[in-house]
Amino acid sequence: MRIDKFLKVSRILKRRTLAQEACDGGRVKVNGRSVKPSCKIKENDIVELGFNSGTVKFRVLQIKETVRKEEAESLYEIIVE
């Protein structure tokens with residue numbers, strides 16, 4: 001699955017357009033490297049997403065095309081350092 005679609009499906013970002021802009025702006029890293037919106041991710045990848053207020057780091061646990069709102073958090077695990 002593409003990283004921009006995963007960020008939208010998992011509800012980390014509200015819209016796919018925002019996810020694409022974040023990738024284009026260099027604010028998304030997968031396994032330590034900046035990626036384009038088309039980057040394919042897989043389970044156990046580590047993703048870092050930079051915001052103005054800080055960075056969120058999480059591990060991809062599952063990849064699904066669609067999920068219900070209540071199940072969205074089961075797709076990833078926040079990593080606290």
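All values below were derived from every heavy atom in this structure, side-chain atoms included, with hydrogens, water molecules and symmetry-related copies excluded.
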Exercise. Report yes or no: does Gln62 contribute a side-chain atom to a donor-acceptor pair with the main-chain N or O of Ser74 at less than 3.5 Å?
Key: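 Yes: the side chain of Gln62 pairs with the backbone of Ser74.
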Quiz item: Crowded around Glu73 CD? As in, over 12 foreign heavy atoms under 6.0 Å?
Solution: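 Open: at most 12 neighbouring heavy atoms sit under 6.0 Å from CD of Glu73.
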Self-check item: Atom CZ of Arg59: over 12 foreign heavy atoms under 6.0 Å
Solution: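 Atom CZ in Arg59 is not packed in, count stays at 12 or less.
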Which heavy atom of [X] sits nearest a heavy atom of [Y], and at what distance?
X: Asp4; Y: Arg16; answer: OD2-NE, 3.2 Å
X: Lys40; Y: Arg2; answer: NZ-CG, 4.0 Å
X: Phe6; Y: Leu75; answer: CZ-O, 3.8 Å
X: Ile46; Y: Ile79; answer: CD1-CD1, 3.5 Å
X: Ala19; Y: Leu13; answer: CA-CD1, 3.6 Å
X: Ala72; Y: Ser10; answer: CB-O, 3.6 Å

Quiz item: Can you get from Leu18 to Leu49 by hopping between Ile, Leu, Val, Met, Phe, Trp and Tyr side chains that sit under 4.5 Å apart?
Solution: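 In one cluster with Leu18: Leu49, no.
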Quiz item: So if you build clusters from Ile, Leu, Val, Met, Phe, Trp, Tyr with side-chain heavy-atom gaps below 4.5 Å, do Leu61 and Val47 land together?
Solution: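 Result: no, two separate clusters.
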Quiz item: Do Ile12 and Val56 pass the side chain to side chain contact (heavy atoms under 4.5 Å, CB included) test, and can you show the C-alpha distance, the side-chain angles, and the key distance before you say yes or no?
Solution: CA-CA 10 Å; Ile12 294 172; Val56 174; 5.7 Å; no
Within this structure, what is the [atom1]-[atom2] distance for the pair [X] and [Y], rounded to the nearest 0.5 Å?
X: Arg11; Y: Arg68; atom1: CZ; atom2: CZ; result: 10.5 Å
X: Met1; Y: Lys8; atom1: CE; atom2: NZ; result: 10.0 Å
X: Ile63; Y: Glu43; atom1: CD1; atom2: CD; result: 6.0 Å
X: Phe58; Y: Asp45; atom1: CZ; atom2: CG; result: 10.0 Å

Quiz prompt | Carboxylate-amine/guanidinium proximity below 4.0 Å for Lys5 and Glu65 | solution =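 Counted as a salt bridge, because a side-chain N and a carboxylate O are separated by less than 4.0 Å.
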